[in-house]
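Labels below follow one simple rule: chain letters A, B, ... track the order of the sequence lines, proteins then strands, and each chain is numbered from 1. Quick caveat, the model's predicted, so the values are computed rather than measured.
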There are 2 protein chains.
Amino acid sequence: MSDAETGTVYLVGAGPGDPDLLTVRARKLLDSADVVAHDSLVHDDLIESIPASTRQVDVGKRPGPDGERTTQEEIHDLLVETASEPASVVRLKCGDPTVFARGGEEAEALDDAGVDCEIVPGVTSAIAAPGVAGIPVTHREHASALTVVTGHEDPTKAESALDWGALADQVAAGGTLSILMGVGKLPKNMAALETAGLDPETPVAMIERATYDDETVVTGTVATIAERAREADISPPAVTLVGEVVEIREAVDACLRSLQRQTGRVSSARLRSD
Amino acid sequence: MSDAETGTVYLVGAGPGDPDLLTVRARKLLDSADVVAHDSLVHDDLIESIPASTRQVDVGKRPGPDGERTTQEEIHDLLVETASEPASVVRLKCGDPTVFARGGEEAEALDDAGVDCEIVPGVTSAIAAPGVAGIPVTHREHASALTVVTGHEDPTKAESALDWGALADQVAAGGTLSILMGVGKLPKNMAALETAGLDPETPVAMIERATYDDETVVTGTVATIAERAREADISPPAVTLVGEVVEIREAVDACLRSLQRQTGRVSSARLRSD
């Protein structure tokens with residue numbers, strides 16, 4: 001198939017939230033796309049920045065009054081159909097398209113249908129959310145490994161695919177654990193780490209709506225964070241960070257907060273507790 | 001201290017290589033900075049895109065004929081001094097500033113000196129390098145966790161801070177392991193995984209100079225990758241990816257390659273072996 005016969009689908013990472021944390025390449029693709037099919041959680045300002053002549057599809061939910069979630073199968077069909085018009089299609093995903101965002105499955109489906117695609121990496125919340133809150137996910141003295149998991153697994157799976165024992169060992173050995181989509185199962189997941197032998201005093205931070213104006217950070221420990229998050233009414237989307245690096249935040253927080261006061265940017269965060 | 005008395009240091013991620021994988025926010029900061037202090041490995045085109053009036057410092061090595069590596073202490077002093085002029089200083093790092101890039105240590109040093117700083121996240125090579133080569137680091141069916149480590153640890157440490165047993169367990173349990181800076185110690189690290197019980201047939205990919213025009217990908221297994229990398233003359237910088245997701249590359253490679261032929265962009269890569 002030549003370029004004239006089929007279009008291309010770009011699987012593009014939109015970054016953690018703040019539209020300025022989009023890549024230059026993603027910006028160019030958004031400005032020239034025929035169709036943009038985006039997740040519901042993409043920042044409103046980013047959606048509004050797409051040229052008015054571009055066809056926009058929110059694939060987070062189906063059109064109509066019931067507004068059910070679009071199935072993955074329906075998304076694949078939509079991408080194949082729109083690309084075949086032919087068109088340049090941007091499939092815009094929060095964070096990075098390959099980090100718990102089903103970019104791999106979409107690339108496979110496009111390949112099966114003979115549609116060209118390209119993966120355009122983005123800034124992942126797993127790293128950026130703690131970063132903008134003053135917590136480096138690795139540190140020469142405090143963390144030699146970073147593990148990223150999703151707290152909300154495939155509901156069709158009978159058991160957790162995650163080996164919480166191995167995750168607890170990683171953190172105990174000086175690693176950082178970053179949990180995406182982990183608000184709902186927070187008490188369960190923290191209990192699993194503790195049962196697997198992780199010190200209940202291990203520091204934990206939760207960053208809600210990272211890089212948005214109303215970003216909120218709550219800190220505690222494996223033993224206390226579920227209670228703290230409940231008190232602070234933390235709701236999705238939020239990133240949960242487990243490990244010694246959380247303590248660095250106190251050291252750098254003062255200067256980050258000073259900057260925030262001057263610029264109005266949320267480079268640090270309001271601390272609701274602690 | 002007020003804004004008029006001291007400057008600000010922005011700890012900025014430059015992304016994996018391709019200047020278009022810089023964030024919009026990083027681009028704006030580079031365009032308005034008084035000083036840019038960058039790593040040696042930042043893409044030449046990105047360095048050339050910095051306005052000519054901006055003072056540029058390559059902190060990868062000291063000026064002068066011997067060209068030794070700048071120490072971390074010297075970098076801290078440079079950042080504090082230049083910011084105090086006062087100036088807007090961009091500290092530009094490859095990938096993300098908090099992923100094995102010592103951004104946390106620099107933030108602490110700036111805080112100690114009373115200098116404002118902000119962490120500006122970037123696209124990390126740990127995720128982007130496999131992504132552009134057609135390998136999603138997570139996949140609903142193949143990988144439920146991603147662990148990022150550095151293969152080249154602090155040479156002053158007597159033993160590895162990494163728990164290779166826990167890393168092997170993570171991969172065996174369906175995780176992906178992404179190793180940054182792992183060319184030199186590749187045979188030793190693969191042997192450590194095998195000794196820790198990881199199946200020697202576990203797929204491995206190495207992506208050299210990801211997102212550059214001369215990007216190269218080599219694939220093999222835990223048992224064979226060191227030999228393959230030697231044959232292909234893989235040299236730093238390269239990302240090593242261990243896990244079942246490496247096999248997805250074959251499925252999506254055809255369409256990525258087709259696109260590359262049309263656009264000339266290195267969205268996929270030349271396969272030197274396999």
Among [options], which residue has the highest count of heavy-atom pairs closer than 4.5 Å to chain B?
options	value
Ala145(A), Ala166(A), Ala26(A), Ala126(A)	Ala145(A)
Val245(A), Thr176(A), Val120(A), Leu167(A)	Leu167(A)
Thr124(A), Asp163(A), Val137(A)	Val137(A)

His142(B): partners by ring-ring contact (aromatic ring centres under 6.0 Å, His included), with sequence neighbours left out:
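With neighbours one apart ignored, the set is His139(B).
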Pairwise distance CG(Leu11(B)) to CD(Glu118(B)) - rounded to 0.5 angstrom:
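The CG atom of Leu11(B) sits 9.0 Å away from the CD atom of Glu118(B).
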Among Ile127(B), Asp169(B), Thr147(B), which residue has the highest count of heavy-atom pairs closer than 4.5 Å to chain A?
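Between Ile127(B), Asp169(B), Thr147(B), the count favours Thr147(B).
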Distance-only criterion, 3.5 Å: show the donor-acceptor pairs between side-chain atoms of residues 94-105 of chain A and protein atoms not counting sequence neighbours.
{"unit_1": "Asp96(A)", "atom_1": "OD1", "unit_2": "Thr98(A)", "atom_2": "N", "d": "2.8"}
{"unit_1": "Asp96(A)", "atom_1": "OD1", "unit_2": "Thr98(A)", "atom_2": "OG1", "d": "2.7"}
{"unit_1": "Asp96(A)", "atom_1": "OD2", "unit_2": "Gly122(A)", "atom_2": "N", "d": "3.0"}
{"unit_1": "Arg102(A)", "atom_1": "NE", "unit_2": "Glu105(A)", "atom_2": "OE1", "d": "3.2"}
{"unit_1": "Arg102(A)", "atom_1": "NE", "unit_2": "Glu105(A)", "atom_2": "OE2", "d": "3.3"}
{"unit_1": "Arg102(A)", "atom_1": "NH2", "unit_2": "Glu105(A)", "atom_2": "OE2", "d": "2.9"}

Cationic N near anionic O, under 4.0 Å, Arg25(A) to Asp18(B)
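A salt bridge is absent here (no side-chain N lies under 4.0 Å from a carboxylate O).
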